[in-house]
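Written out below as structure tokens is the structure these notes cover.
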Amino acid sequence: MAGFRNGRGRDNRPPQQHRPQQAPYGYDGPPQGYPQQQWQQQPQQQQPYGEPEYFGDPHAQHHAATANNPGHTQMFSVDDPYGQAGAYQAPPVPVGPRLPWKALLSGIVLRPADTFLRMRDHAVWGPALVVTFLYGLLAIFGFDQAREEVLNATLSSTIPYVLMTGVGFVVAGLILGAVTHTLARQLGGDGAWQPTVGLSMLIMSLTDAPRLLFALFLGGENGLVQVIGWATWLAAGLLFTLMVGRSHDLPWPKALGASAIQLVALLSLIKLGTL
């Protein structure tokens, strides 16, 4: 039988061929039974520690060689260049609760800085529209020529004329306030348009009230009325600058520049009596 010695004491099994043993990982010498000279003639490919071995796989080696060439895709990560720029930001919290109309009107005259800062996030349409409309109803009597025309006219024609004047002052206040807000935003302001327009209408009406009070009795051409008009116009410029600065977070030069068109319009239309 194969695998057993025959009768003559000879082993009839075929001689075993010794296969060279593979050297352990990291061993640079030849495997056991492999000629040293022939081993040194073969090119050695030493894998750096921590990198994968392809174990002679030609497809894997080709992928590694062409990974960064055109036409081949390689996975990579992209960092966000904007960081937290796209993160959600909560809207600004109002400085305080809305002031009632009495505290608002008195605060504009007595505590303007605190009042404008507190009301920068609150609309004031109710007080602004009412006060500006009432101011427009009386403003017509502050001009000598217009007052004579109204007093000499009949009651049926006087009422529509006075009402139209009040509405005209409201529209003019809205337009001038919108211009001030637009200029403030172009100069870097960040305030809302509703508080800016409403507060500008209140400033326009309240600051001209002293001049109008004297003009009702002394006439618009009186010297004292003219002096009061210039003084209240300067006060209006101060309040406009303070309001725009608080509402839009602007320094006073930019706040004054944003209010310049409205100040010039008030000076030419009301203070100088050219309405």
Side-chain angles (χ1 to χ4, degrees), residues 101-102 104-109 112 119 123-183 193-241 243-244 258-275:
W101 68 271
K102 292 183 180 180
L104 174 62
L105 298 182
S106 62
I108 292 177
V109 179
M119 297 299 293
V124 292
W125 290 123
L129 294 176
V130 173
V131 172
T132 306
F133 179 73
L134 294 177
Y135 166 74
L137 295 180
L138 299 176
I140 192 174
F141 297 98
F143 304 98
D144 296 338
Q145 183 178 357
R147 179 174 56 183
E148 293 178 359
E149 292 178 358
V150 171
L151 294 178
N152 295 329
T154 60
L155 184 62
S156 58
S157 60
T158 300
I159 293 178
Y161 188 68
V162 173
L163 292 177
M164 290 178 59
T165 304
V167 174
F169 268 86
V170 172
V171 174
L174 291 172
I175 295 175
L176 294 177
V179 171
T180 299
H181 169 74
T182 302
L183 292 177
W193 72 275
Q194 295 182 0
T196 303
V197 176
L199 291 174
S200 66
M201 295 173 65
L202 289 175
I203 293 173
M204 177 188 71
S205 303
L206 294 178
T207 54
D208 195 49
R211 183 203 66 85
L212 180 60
L213 180 62
F214 283 90
L216 291 176
F217 301 98
L218 301 178
E221 302 297 331
N222 184 270
L224 178 61
V225 174
Q226 293 292 323
V227 172
I228 296 176
W230 281 101
T232 54
W233 181 77
L234 294 176
L238 178 62
L239 291 179
F240 275 123
T241 303
M243 183 271 294
V244 174
S259 309
I261 294 180
Q262 188 165 10
L263 286 172
V264 172
L266 294 179
L267 179 63
S268 60
L269 297 178
I270 299 176
K271 304 296 182 179
L272 300 181
T274 58
L275 181 62

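A quick note: this is a predicted structure, and the numbers were derived from the prediction, not measured. Both backbone and side-chain heavy atoms feed into the values below; hydrogens, waters and symmetry mates do not.
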Can you give the donor-acceptor pairs under 3.5 Å from side chains of residues 127-142 to other protein atoms, not counting sequence neighbours?
unit_1, atom_1, unit_2, atom_2, d
Thr132, OG1, Ala128, O, 2.6
Thr132, OG1, Ser205, OG, 3.4
Tyr135, OH, Asp208, OD2, 2.3

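- Here the CD1 atom belonging to Ile228 is positioned 11.0 Å from the CG atom belonging to Leu212, to the nearest 0.5 angstrom.
- Atom CG of Leu218 has more than 12 heavy atoms from other residues, nucleotides or ligands within 6.0 Å.
- Minimum heavy-atom separation, Leu213 to Phe217: O-CD1, 3.3 Å.
- For Trp125, the ring-ring contact (aromatic ring centres under 6.0 Å, His included) test picks out Trp193, with sequence neighbours left out.
- Take Ser200 and apply the side chain to side chain donor-acceptor pair (under 3.5 Å) test, not counting sequence neighbours, and it matches no residue.
- Separation of atoms CG (Leu266) and OG1 (Thr207) is listed at 7.0 Å; rounding is to 0.5 Å.
- Residue pairs meeting the side chain to side chain donor-acceptor pair (under 3.5 Å) criterion with at least one member in residues 171-180, sequence neighbours excluded, are Thr180-Gln262.
- For the pair Arg147 (side chain) and Leu216 (backbone), a donor-acceptor distance under 3.5 Å is present.
- For Leu263, the side chain to side chain contact (heavy atoms under 4.5 Å, CB included) partners two or more places apart in sequence, or in a different chain, are Trp233, Ala236, Phe240, Leu256, Ser259.
- Between the CE atom in Met243 and the CD1 atom in Ile203 there is a gap of 4.5 Å [rounded to 0.5 Å].
- A search for side chain to side chain donor-acceptor pair (under 3.5 Å) contacts involving Thr158 returns nothing, not counting sequence neighbours.
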I would like to know whether Val124 and Trp101 meet side-chain contact (heavy atoms from CB on, under 4.5 Å); could you show each step before the answer?
-> CA-CA 9 Å; Val124 292; Trp101 68 271; over 6 Å; no

